[in-house]
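See structure below.
Just follow the structure's listing: the first ligand is 1, and inside any ligand the first atom is 1.
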Amino acid sequence: MKRGEKMQKILITGSNGQIGSELIEELAKKYGAKNVVGLDIVEPKESKYEFVKLDATDFEGLKKVVEKYDIGQIYHLVSLLSATGEKNPDLAWHVNMSSLKHVLDLAKEKQLMVFWPSSIAAFGPTTPRENTPQRTILEPNTMYGVTKVSGELLCNYYFIKYGVDVRSVRFPGLISWKTPPGGGTTDYAVAIFYEAIEKGYYKCFVREDTVLPMMYMPDAIRAIVELMQAKKEKIKIRTSYNLAAISFKAKDLELELKKYIDFKVDYEPDYRQKIADSWPKTIDDSAARKDWGWAHKYDLAAMTKDMYQNLVKKLKK
Ligand code: SER
């Protein structure tokens, strides 16, 4: 950008969601509050930033927003997650796929940069579960996972065919205290904190020996920012990068949290156990580490401490 030139704005779709509500803060800090625009189907209680209420499957509506605000980058976070998607697979396909297609079409037409998150849900029961490679079998058994694999292929296609600068990571389960998550399988690792603090009891919907890859939100937000800032030639994978931080058993998290608070847990697996069992335990993210320098900071102990302390403060207010 030349000096004196006006910066193109950044659009965050799904800006009220688990990732969006934290990413918008970080991007506003970095690029200025005037340069970020949030978009969501639900109006937030309050918004410090420009906000548009829109269903992201509305192509014409989205196009108007991009033109009105002179958008240069879209962080497209709109999505139904795994457990919600299993309750309404048709809606998950519609929302997840058509909104991504619209974003990519607009990116092609207006030379926009795009970030779009994929997930460990792109993997399935036939994928090697330990140290899951970057390039491996992708046969998910959830509709959410199907939309992630399809979305990855679509992103790669738009890059090859039209040169769209779209970048993506396969997020593990994300743990955060600012915004409650909605409808994910890995969300037991968030719910356990709320219930321990508020009720002293948690009924966990996966078995105690369930191991899943997870990441603390500050690491996830930094991953997005670093990936989007990396020089174009460093981005060698245009489907989606494997990304890892911590892997632990549900029981490990219970024991770690018990260092701070006394509470009881019963393990009563439901339909989400099958989803968890179809996902990897550990991920090989060496390509992300090599190509654009990814490194996580939070381990289980650091995450649990920070999460617990912040949530206690938040829930007391
Ligand atoms: N956290 C997501 C889920 O459990 C995985 O991407 O659905």
Side-chain angles (χ1 to χ4, degrees), residues 14 17-23 75-89 91-93 95-97 99-100 115-125 127 129 132 138-152 155 168-194 204-207 210-221 223-224 239-250 253 269-283 285 288 296 298 303 307:
Q18 193 198 14
I19 303 177
S21 56
E22 299 204 26
L23 182 64
Y75 294 72
H76 180 50
L77 309 174
V78 164
S79 178
L80 263 71
L81 294 186
S82 59
T84 323
E86 285 321 280
K87 291 200 173 131
N88 198 340
L91 186 68
W93 174 264
V95 171
N96 297 7
M97 292 314 296
S99 66
L100 176 62
F115 173 80
W116 172 77
S118 184
S119 157
I120 49 164
F123 304 118
T127 308
R129 294 189 71 202
T132 303
L138 300 173
E139 294 177 340
N141 59 8
T142 61
M143 181 51 94
Y144 175 65
V146 170
T147 66
K148 288 305 184 192
V149 176
S150 312
E152 287 188 11
C155 289
S168 177
V169 292
R170 292 173 179 149
F171 274 131
L174 297 180
I175 300 173
S176 66
W177 58 270
K178 287 188 187 156
T179 311
T185 302
T186 56
D187 292 345
Y188 89 81
V190 180
I192 193 170
F193 284 89
Y194 278 88
C204 185
F205 57 77
V206 293
R207 276 192 324 269
T210 304
V211 179
L212 284 167
M214 302 276 184
M215 181 179 287
Y216 197 34
M217 191 60 90
D219 274 341
I221 299 293
I224 298 174
T239 48
S240 191
Y241 276 98
N242 276 8
L243 206 67
I246 23 178
S247 283
F248 52 80
K249 283 191 204 114
L253 179 58
D270 65 12
Y271 70 102
R272 289 167 282 194
Q273 184 68 51
K274 194 172 150 232
I275 301 178
D277 287 342
S278 77
W279 290 348
K281 295 181 178 183
T282 53
I283 303 279
D285 64 350
H296 73 280
Y298 285 87
M303 179 279 289
M307 179 80 185

Do we see a donor-acceptor contact under 3.5 Å between the side chains of Ser176 and Gln18? yes
Note every protein N or O atom lying under 3.5 Å from an N or O atom of ligand 1, pairing the names and giving the distance.
from, atom 1, to, atom 2, distance (Å)
ligand 1, 1 (N), Thr186, OG1, 2.8
ligand 1, 4 (O), Ser82, OG, 3.4
ligand 1, 4 (O), Thr185, N, 2.6
ligand 1, 4 (O), Thr186, N, 3.1
ligand 1, 4 (O), Thr186, OG1, 3.3
ligand 1, 6 (O), Ser119, OG, 2.6
ligand 1, 6 (O), Tyr144, OH, 3.0
ligand 1, 7 (O), Ser82, N, 3.1
ligand 1, 7 (O), Ser82, OG, 2.6

Evaluate side chain to side chain contact (heavy atoms under 4.5 Å, CB included) for Asn96 paired with Tyr144, printing each intermediate quantity in order. CA-CA 8 Å; Asn96 297 7; Tyr144 175 65; 4.0 Å; yes
Can a side-chain donor-acceptor contact be found between Thr142 and Ser82 if the only test is distance below 3.5 angstrom? no
OH (Tyr194) and CH2 (Trp177) are apart, to the nearest 0.5 Å, by 9.0 Å
List the residues meeting side-chain hydrogen bond (donor to acceptor under 3.5 Å, both in side chains) with Asn88, not counting sequence neighbours, and say none if there are none. none
Test side chain to side chain contact (heavy atoms under 4.5 Å, CB included) applied to Ile224 and Glu22, step by step: CA-CA 11 Å; Ile224 298 174; Glu22 299 204 26; over 6 Å; no
